Amino acid sequence: MVRVAHQSSTTIPEHLLSLAPASPYVDLDRAAWSRLSASTPLPLTDDDVDRLRGLGDPIDLDEVDAVYRPLSRLLNLYVNAVTGLHGATAAFLHEQPPRTPYVIGVAGSVAVGKSTTARILREMLARWPSTPRVELLTTDGFLYPNAELARRGLMERKGFPEAYDRRALIRFLSRIKAGQEEVRAPRYSHTIYDIVPGEEVVIRKPDVLIVEGLNVLQPARPSAVDESTVAVSDYFDFSIYVDARTRNIRQWYVDRFLQLRRTAFQRPESYFRKYADLSDDEAVTRALSIWESINAPNLEQNILPTRGRATLVLTKGADHKVQRVRLRKL
Ligand SMILES: Nc1ncnc2c1ncn2[C@@H]1O[C@H](COP(=O)(O)OP(=O)(O)OP(=O)(O)O)[C@@H](O)[C@H]1O
Ligand SMILES: CC(C)(CO)[C@@H](O)C(=O)NCCC(=O)O
């Protein structure tokens with residue numbers, strides 16, 4: 001038997017160290033990241049941030065200034081660069097440049113704060129002269145209706161990849177990218193916990209479309225032989241993964257459940273009406289049980305493994321503030 005001596009990393013020769021795979025990301029702490037946009041104006045006010053904040057998310061103008069101002073500047077540079085590239089292709093082909101929306105994906109766990117990130121970005125990007133029309137879409141609308149989930153035995157798998165009509169989502173995105181005048185998607189309601197029959201979201205040729213969802217960075221299924229070999233993220237020009245420690249996200253989920261119990265769950269049409277009258281202890285137990293049986297396994301098995309596919313990773317601390325930003329540079 002050959003014994004391999006333990007070698008500390010300090011003893012690895014310099015020329016071998018350079019062979020280690022380079023990370024595709026540049027890793028910046030909050031202060032370094034926020035210094036990158038000194039000359040970019042901050043277009044939002046305290047009132048705007050109050051309006052855009054999600055339930056339980058303490059985001060404030062300071063956070064928007066430190067984290068979202070540089071991000072909106074970076075995205076503005078990218079949008080202009082892609083427009084230039086489309087112009088180059090069109091000039092080469094002797095064609096008019098196409099007007100296709102710039103598509104941004106926002107991924108991350110349930111309760112991590114994706115929708116707040118998406119709403120803030122929408123507002124910031126809309127203030128740039130080159131992208132006045134920014135639309136937002138959540139992939140919740142592409143969940144199968146509850147009746148179909150029940151038929152497939154998937155009611156306890158909401159948010160898992162198999163609970164979505166992936167083909168319909170891909171069809172939707174291909175129409176968006178083709179520059180179709182009007183593209184429609186089903187509407188999901190958190191209150192009734194289901195697709196709303198007969199209602200649609202209509203997207204009309206925006207300059208930027210932000211697509212937010214748990215599953216947006218999932219790779220294509222390798223076994224499929226039809227259009228589903230395409231991944232949702234193939235339609236993205238840029239993607240953001242909102243990241244945090246699982247134990248913090250679990251806490252945010254439970255806190256939000258307690259808040260919803262006093263608000264949305266009270267509505268007669270709420271699917272969770274049955275939880276409205278639970279005591280604090282009972283509500284915490286119920287929320288933890290949903291978290292541990294559905295949202296945590298989905299995070300671990302399906303969402304976290306897609307983090308390395310994102311263009312940008314925002315890492316939040318226990319106080320929801322972004323502590324670290326990783327930007328793909330390769
Ligand atoms: N059962 C519910 N009833 C009413 N509103 C809800 C319910 N669950 C979530 N919401 C609201 O809908 C918003 C979006 O919730 P959703 O579950 O899609 O977000 P998420 O996936 O947890 O992501 P994030 O918190 O990252 O935006 C939340 O901010 C919350 O206020
Ligand atoms: C609709 C999703 C899947 C994503 O937004 C999520 O909010 C959800 O309902 N998850 C299922 C478990 C739960 O009710 O938290």
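Atoms within each ligand, like the ligands themselves, are counted from 1 in listed order. Small disclaimer: the values here were computed from a predicted structure and weren't measured. In this chain, numbering begins with 1 at the start of the sequence shown.
- When Asn215, Asp194, Asp140 are checked for heavy-atom proximity to atom 2 (C) of ligand 2, Asp140 turns out nearest.
- No close placement of the Tyr102 and Phe238 rings is indicated, their centers lying 6.0 Å or farther apart.
- Of the protein's non-hydrogen atoms, the one nearest atom 3 (C) of ligand 2 is Gly159 CA, 3.5 Å.
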Please tabulate, one line per pair, the protein nitrogen or oxygen atoms found under 3.5 angstrom from a nitrogen or oxygen of ligand 1, with distances to 0.1 Å, or say none if there are no such pairs.
| residue | atom | partner | partner atom | Å |
| --- | --- | --- | --- | --- |
| ligand 1 | 15 (O) | His190 | NE2 | 3.4 |
| ligand 1 | 17 (O) | Arg256 | NH2 | 3.3 |
| ligand 1 | 18 (O) | Asp140 | OD2 | 3.4 |
| ligand 1 | 18 (O) | His190 | NE2 | 3.0 |
| ligand 1 | 21 (O) | Lys114 | NZ | 2.8 |
| ligand 1 | 22 (O) | Ala111 | N | 2.4 |
| ligand 1 | 22 (O) | Arg256 | NH1 | 3.0 |
| ligand 1 | 22 (O) | Arg256 | NH2 | 2.9 |
| ligand 1 | 23 (O) | Lys114 | NZ | 2.9 |
| ligand 1 | 25 (O) | Gly113 | N | 3.4 |
| ligand 1 | 25 (O) | Arg256 | NH1 | 3.0 |
| ligand 1 | 26 (O) | Val112 | N | 3.3 |
| ligand 1 | 26 (O) | Gly113 | N | 2.6 |
| ligand 1 | 26 (O) | Lys114 | N | 2.5 |
| ligand 1 | 26 (O) | Lys114 | NZ | 3.2 |
| ligand 1 | 27 (O) | Lys114 | N | 3.3 |
| ligand 1 | 27 (O) | Ser115 | N | 2.7 |
| ligand 1 | 27 (O) | Ser115 | OG | 2.2 |

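- Asp65 and Ser34 form no side-chain donor-acceptor contact under 3.5 Å, judged by distance and modelled atom types alone.
- Side chains of Thr311 and Ser239: a donor-acceptor N/O pair is present below 3.5 angstrom, by distance only.
- Nearest protein neighbour of atom 10 (N) of ligand 2, counting heavy atoms only, is Asn295 OD1, 3.5 Å.
- In this structure, the ring of Tyr164 has its center no less than 6.0 angstrom from the ring center of Tyr144.
- Between Asn215 and Val232 there is no side-chain heavy-atom pair separated by less than 4.5 Å.
- With no hydrogens or angles considered, a side-chain donor-acceptor pair links Gln251 and Asp255 at under 3.5 Å.
- In this structure, Tyr241 and Leu304 approach most closely via the heavy-atom pair OH-CA, 3.5 Å.
- Atom 8 (C) of ligand 2 lies below 4.0 Å from none of the non-hydrogen atoms of the protein.
- Among Lys205, Arg122, Arg204, the one residue that satisfies the salt bridge (Lys or Arg N to Asp or Glu O under 4.0 Å) test with Glu135 is Arg122.
- Among protein heavy atoms, atom 13 (C) of ligand 2 sits closest to Tyr253 OH, 3.4 Å.
- Nearest protein neighbour of atom 6 (C) of ligand 2, counting heavy atoms only, is Val110 CG2, 3.9 Å.
- Only the side chain of Tyr193 comes within contact range of ligand 2, with a heavy atom under 4.0 Å; no backbone atom does.
- Between the side chains of His190 and Asp140, at least one donor N or O sits under 3.5 Å from an acceptor N or O.
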- Taking it one step at a time, do Arg51 and Glu123 satisfy salt bridge (Lys or Arg N to Asp or Glu O under 4.0 Å)? CA-CA 11 Å; Arg51 183 167 48 83; Glu123 210 69 18; 3.3 Å; yes
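- Of all atoms in ligand 2, listed by their number and element, those nearer than 4.0 Å to a heavy atom of Phe272 are 14 (O).
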